[in-house]
Amino acid sequence: MEKAASFGATLLILVASLASESRGSMAQWIPASATFYGGGDASGTMGGACGYGNLYNDGYGIENAALSTALFNSGGSCGMCFHIVCDASKSPWCKKGTSITVTATNYCPPNYDLPNDNGGWCNPPREHFDMSQPAWETIAIYRGGIVPVYYRRVSCQRTGGIRFAINGRDYFELVLVSNVGGSGVVFGMWIKGSGTDWIVMSRNWGMNWHTLTYLNGQSLSFRVQTDDGRVKTAYNVAPSTWKFGDTYATSIQF
């Protein structure tokens, strides 16, 4: 009874805090589990299956997590934000009264050599977060290793505007979109050269989008649609002198 009451009190605190967020609630609380990786400074979480590089440069910092197959959606969940609370009614390793919001920046692959309940934490159909160590230690004690959690999707709060990193070569533009607020997830992308109409881009992997169009020497504009249907357009983001490998920040945000 005491444990149940304790967790109930924690949820009441979280509900109150979420109620104060504008557009913060996107889903109900769902049970899952969480581990950690990447070291005490989270340096091991940089890069990964979403295509983000240095998570500081891309706007995400150390409050990030890799998602299990059941949550990753083949990269379609990259950029999502989740509010997570440790279930203190089921584990003594939880830090009561705490919570954290993390961004999905990587994939936690399954390990079919281990059972789902003993090491194969990211095996389907488990919903699991492999969080950066500093993020995990916000809600749990290091020695615990793995804890039961509750999570819900929330709106992403970002500093600054959307960022576009242009990679590829000649007839292949591969654009990484990062630091996306609101839903956080890019669902549709368009690119426009100063000498073209809007061109639909295809998701290549993670949050990398591509087009097979020669756009060298043209200034570039981008249009982004998030998975909640909102659309933002950033005109003339890259000047005509842009080069592959360049990254451009905007003042446009959801």
Side-chain angles (χ1 to χ4, degrees), residues 32-84 99-111 121-122 127-140 142 145-147 149 151 153-154 156-169 173-186 189 203-210 222 224 226 243-250 253-254:
S33 55
T35 50
F36 62 85
Y37 79 117
D41 61 357
S43 60
T45 68
M46 301 295 138
C50 289
Y52 307 127
N54 183 309
L55 296 178
Y56 287 100
N57 294 341
D58 289 335
Y60 303 116
I62 63 174
E63 295 180 345
N64 61 76
L67 306 183
S68 64
T69 300
L71 291 170
F72 190 64
N73 190 27
S74 299
S77 296
C78 290
M80 277 188 188
C81 293
F82 299 94
H83 202 162
I84 299 175
S99 67
I100 192 168
T101 297
V102 296
T103 302
T105 59
N106 204 354
Y107 173 53
C108 181
N111 183 350
W121 311 125
C122 290
E127 296 192 353
H128 184 85
F129 297 87
D130 198 17
M131 301 165 62
S132 76
Q133 183 178 327
W136 194 86
E137 288 192 89
T138 300
I139 61 169
Y142 179 88
I146 179 170
V147 291
V149 299
Y151 77 91
R153 186 179 175 188
V154 294
C156 300
Q157 307 298 317
R158 300 290 176 224
T159 300
I162 304 169
R163 300 170 189 173
F164 301 91
I166 307 170
N167 294 293
R169 181 176 180 181
E173 288 80 25
L174 184 69
V175 179
L176 170 67
V177 191
S178 63
N179 201 46
V180 180
S183 103
V185 176
V186 179
M189 266 283 291
R203 190 165 70 86
N204 191 287
W205 64 280
M207 278 298 116
N208 282 284
W209 296 74
H210 79 267
F222 297 100
V224 179
T226 49
K243 303 183 300 298
F244 290 106
D246 288 347
T247 298
Y248 295 93
T250 73
Q253 189 55 272
F254 287 92

Quiz item: Does Asp130 use its side chain to pair, donor to acceptor, with the backbone of Phe36 at less than 3.5 Å?
Solution: yes
Quiz item: Thr45 versus Ile62: any side-chain heavy-atom pair under 4.5 Å?
Solution: no
Quiz prompt | CD1-CD1 distance between Ile100 and Ile139, expressed to the nearest 0.5 angstrom | solution = 7.0 Å
Quiz item: Could you state the interatomic distance from CZ (Arg169) to CG (Leu174), rounded to the nearest 0.5 Å?
Solution: 15.0 Å
Quiz item: Is the shortest heavy-atom distance from the side chain of Tyr52 to the side chain of Asn106 under 4.5 Å?
Solution: no
Quiz item: Is the shortest heavy-atom distance from the side chain of Arg158 to the side chain of Cys81 under 4.5 Å?
Solution: yes
Quiz item: Side chain of Gln253, backbone of Asn179: donor and acceptor closer than 3.5 Å?
Solution: yes
Quiz item: Tell me the disulfide (SG to SG under 2.5 Å) pairs involving residues 48-79, sequence neighbours left out?
Solution: Cys50-Cys78
Quiz item: Going from OG1 on Thr250 to CZ on Phe164, what distance comes out if it is rounded to the nearest 0.5 angstrom?
Solution: 5.5 Å
Practice problem: Give the minimum heavy-atom separation between Pro110 and Thr69, together with the two atoms involved. | Solution: CD-OG1, 3.8 Å
Exercise. Compare all side-chain heavy atoms of Glu173 with those of Phe244 and state whether any distance is below 4.5 angstrom.
Key: yes
Quiz item: How long is the gap from OG on Ser178 to CG on Asn54, to the nearest 0.5 Å?
Solution: 10.5 Å
Practice problem: For Asp58 and Met207, run side chain to side chain contact (heavy atoms under 4.5 Å, CB included): C-alpha distance rounded to whole Å, both residues' side-chain angles, the deciding distance at 0.1 Å, then the answer. | Solution: CA-CA 12 Å; Asp58 289 335; Met207 278 298 116; over 6 Å; no
Quiz item: Is it the case that Asn64 and Thr103 place a side-chain donor and acceptor less than 3.5 Å from each other?
Solution: no
Quiz item: With under 30° as parallel and over 60° as perpendicular, where do the rings of Phe129 and Phe82 fit, or are they tilted in between?
Solution: perpendicular
Quiz item: Side-chain contact, heavy-atom cut-off 4.5 Å: Leu71 with Tyr151?
Solution: yes
Practice problem: Apply the side-chain contact (heavy atoms from CB on, under 4.5 Å) test between Met80 and each candidate in Val180, Val185, Val102; give the one that qualifies. | Solution: Val185
Exercise. Nearest 0.5 Å please: distance from the OH atom of Tyr60 over to the CG atom of Leu55.
Key: 9.0 Å
Practice problem: Start with the C-alpha distance between His128 and Ile146, add both sets of side-chain angles, then the distance that settles side chain to side chain contact (heavy atoms under 4.5 Å, CB included), and finish with yes or no. | Solution: CA-CA 10 Å; His128 184 85; Ile146 179 170; 4.1 Å; yes
Quiz item: Side chains of Ile84 and Met131: does their closest heavy-atom pair fall under 4.5 Å?
Solution: yes
Exercise. Could I get the full list of salt bridge (charged side-chain N to carboxylate O under 4.0 Å, His left out) partners for Asp246, not counting sequence neighbours?
Key: Lys243
Self-check item: OG1 on Thr247 to CG on Leu176, rounded to 0.5 Å
Solution: 7.5 Å
